[in-house]
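Quick notes on the structure that follows.
Any value given below was found using the heavy atoms of this structure, including those in side chains, with hydrogens, waters and symmetry copies removed.
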Amino acid sequence: MQLHWICIFVLFLPGLGAGYRILFMGPFPAPSHWMWLEHFQRDLLKRGHQVTSVNNHPTKKPHENLTEIILSPSFDIPKHFPKKNIFSMRFASDFQNLQMWWQIGLMTTEHALQDPKLKQLIASKDEHFDLVILEQFFHEAFLMFGKKFNCPVVTIGTMGYADNMDHAMGILTPWSVIPHLLLSHTDQMTFSQRAYNTYLSMYDAVMRRWYYLPKMQELAEKHFNNYIEGPLPHVHQLERNISLMLINSHRSVDLPRPSMPGLINVGGAHIQPAKKLPEELQSFLDKATHGVVYFSLGSYMKSTDMPPEKTALILKAFGQLKQQVLWKYENESIGQLPSNVMIKQWMPQNDILAHPNIKLFITHGGIFGTQEGIYWGVPMLCIPLYGDQHRNSIKSVREGYARSLIFSKLTTDDLVRNIEAMIYEPQYKRSALEVSQRFRDNPIHPMDEASYWIEYIIRHGGAKHLKSHGAFLPLYQYLLLDVLFCVLLAAWLTIWLPWRMLRRVYRWWAAGNEAAKVDKEKKLL
Ligand SMILES: *[C@@H]1O[C@H](CO)[C@@H](O)[C@H](O)[C@H]1NC(C)=O
Ligand SMILES: *[C@@H]1O[C@H](CO)[C@@H](O)[C@H](O)[C@H]1NC(C)=O
Ligand SMILES: *[C@@H]1O[C@H](CO)[C@@H](O)[C@H](O)[C@H]1NC(C)=O
């Protein structure tokens, strides 16, 4: 009997046995996005929650409380946006880039919503969730899941801040000091930079609201219409109903910006203490007396996608180094391999960067790799290819722990010269260590912070109190245009009107005088 009571007591103890049901969605097919999101999912599972996960990558670590809805076949990005164009450096304008993101967003959203397993979830009648978590990345139609299951929504912003996140939380981004997401300016912009920033940001805001979101709404209506009672809300409205945004940004490396309590920075959340390396890698790294250069182009662009002449040129450069080289290269048949180079299809990047013999990280400048390099204090040689990589690289160079090379203009000499400069000139390592210390100095681990806030939102059934009412104000009220109008009107009424009246009275009086004078003169005559 007593045991029975103890069991009941334990069950109702707050925090213990409080497994919430969470719908976790990362519909974007690029592997790096999911690798980052999965860290959050894993932490939620570790805390005893039930997670239903919608994504493109079946887990390698099954868990009794994890139910997966794998979108398959997943959207084939390279088919629609060929990798060849990326390597041949066809730079698009910022405006074309925005269009491309919207296009990718609409296509991947539509593709995901057509998946039969996801359709089943949309049509389900007796599913219940306490929370929907969604990647904040051009999939606004998915916010309708929050409406469908009548629960709060938390988003995870993989790529850092965008103006529309501010707007959803009730702040208007100050374009005087905050450069647009696609720009690499600092918060000290010249006149022309500010002018361009304003133009681009305004274009983004207007086109997003009146071109992109209506298309998202169409998709949402097409797929949810029959399964939600009553009229569907607009995705624009749903965005303003997001309770919390966890954003991949960190105060030590990103520009300061105005914020709201509902915007939580979790940059570095994915970085864990280093684990033990596989035997072969461990001894390779331990034995390298001159240090090791680690080279990886990330998970989306494979080194094997590179034109063969570039591969040859890079190998030749590596062959001239005194250091050992680790290259994440996805094909055994690379050709003649210099004796100091080791290639592997897959590398435990975080654990490698943590090794004290790593002297340099040659990277494409993706946001997650950059953060890992910063955390472990490794200088970086960036070869940015697309998307946010250019912006990240420029930032790293500005901070003093990186140099940047242009892929299409790469030469063997260039590569050797830059690698050696970065290894032998001490300022790069010094800057890297400085930034690293700033990046690691957190009150609690960003992942613990993220999970705390996720549970907070569930405990309180959403969190309107974490955002400003500014999110719901019409623009003219937010900008106080109505007040300004009244002030001008009042000024007009109190200054202009009395002045006019006085003038009239004076004229009348003057005219009267004149008339009297004329009268007098007439009489005199
Ligand atoms: C799975 O969830 C249940 C109930 O929420 C919990 O008691 C159990 O510990 C979880 N399992 C694991 C392995 O975390
Ligand atoms: C807004 O979120 C709350 C939960 O936080 C939910 O109950 C409500 O239905 C949502 N409103 C809309 C319009 O989706
Ligand atoms: C490796 O390269 C060879 C020759 O270039 C090619 O035939 C093969 O398909 C590639 N394998 C992989 C896994 O990419």
Within the distance-only criterion (no hydrogens, no angle test), does the side chain of [X] pair as donor or acceptor with the backbone N or O of [Y] below 3.5 angstrom?
| X | Y | answer |
| --- | --- | --- |
| T108 | G105 | yes |
| K148 | L143 | no |
| D115 | S72 | yes |
| K467 | I242 | yes |
| K117 | I70 | yes |
| S243 | A463 | yes |
| Q389 | Y386 | yes |

Regarding [X] and [Y], do their side chains bring together a donor and an acceptor under 3.5 Å, going by distance alone?
| X | Y | result |
| --- | --- | --- |
| D166 | T173 | yes |
| H180 | D94 | no |
| R403 | Y428 | yes |
| R21 | N65 | no |
| H270 | E372 | yes |
| D413 | T411 | no |
| D254 | S249 | yes |
| Y161 | N265 | yes |
| H128 | D130 | yes |
| Q282 | D286 | yes |

Between [X] and [Y], which heavy-atom pair has the shortest distance, and what is it?
| X | Y | result |
| --- | --- | --- |
| T363 | G365 | OG1-N, 2.9 Å |
| Q371 | I271 | O-CD1, 3.6 Å |
| A354 | A274 | CB-CB, 3.5 Å |
| L118 | L71 | CD2-CD2, 4.2 Å |
| N340 | F284 | O-CZ, 4.1 Å |
| M245 | M165 | SD-CB, 3.6 Å |

Kindly compute the distance separating CG (L181) from CG (L183), expressed to the nearest 0.5 Å.
->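 Answer for the CG-CG pair, L181 versus L183, is 8.5 Å.
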Where does the angle between the aromatic ring planes of [X] and [Y] fall among parallel (under 30°), tilted (30 to 60°) and perpendicular (over 60°)?
| X | Y | value |
| --- | --- | --- |
| Y452 | Y456 | tilted |
| H33 | F28 | tilted |
| F142 | H139 | perpendicular |
| F137 | W101 | perpendicular |

Between [Y] and [X], is there a side-chain heavy-atom distance shorter than 4.5 Å?
| X | Y | answer |
| --- | --- | --- |
| M159 | W36 | no |
| T59 | E68 | yes |
| P179 | L255 | yes |
| Q41 | L66 | yes |
| I362 | V293 | yes |
| L23 | F145 | yes |
| R398 | T186 | yes |
| M25 | L37 | no |

Sidechain N-carboxylate O distance under 4.0 Å for R47, D43 =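 Yes, charged N to carboxylate O under 4.0 Å.
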Short N-O contact, E399 and R438, less than 4.0 angstrom = yes
For Y329, is the NZ or CZ atom of K344 found under 6.0 angstrom from the centre of its six-membered ring and inside 45 degrees of the ring axis?
-> no
If you count the non-hydrogen atoms of other residues, nucleotides and ligands that lie under 6.0 Å from [atom1] in [X], is the total more than 12?
| X | atom1 | answer |
| --- | --- | --- |
| E309 | CD | yes |
| K310 | NZ | yes |
| K429 | NZ | yes |

Run the numbers on F407 and L385 for side-chain contact (heavy atoms from CB on, under 4.5 Å), then give the verdict.
-> CA-CA 7 Å; F407 182 79; L385 300 171; 4.0 Å; yes
Stepwise, does the side-chain contact (heavy atoms from CB on, under 4.5 Å) test hold for I178 with D187?
-> CA-CA 6 Å; I178 306 292; D187 50 3; 5.9 Å; no
Run through Y294, W346, F295 and flag the one making a ring pair (Phe, Tyr, Trp, His ring centres under 6.0 Å) with W327.
-> F295
Start with the C-alpha distance between M342 and L281, add both sets of side-chain angles, then the distance that settles side-chain contact (heavy atoms from CB on, under 4.5 Å), and finish with yes or no.
-> CA-CA 9 Å; M342 179 191 222; L281 279 174; 4.2 Å; yes
Go through the steps to decide whether L315 and Q336 satisfy the test side-chain contact (heavy atoms from CB on, under 4.5 Å), and finish with yes or no.
-> CA-CA 8 Å; L315 272 182; Q336 192 67 20; over 6 Å; no
Do the two ring centres, one from F75 and one from H80, sit under 6.0 Å apart?
->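 Yes.
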Does the pair H49 and E455 meet the rule for a side-chain hydrogen bond (donor to acceptor under 3.5 Å, both in side chains), with working shown?
-> CA-CA 10 Å; H49 301 304; E455 289 172 352; 2.7 Å; yes
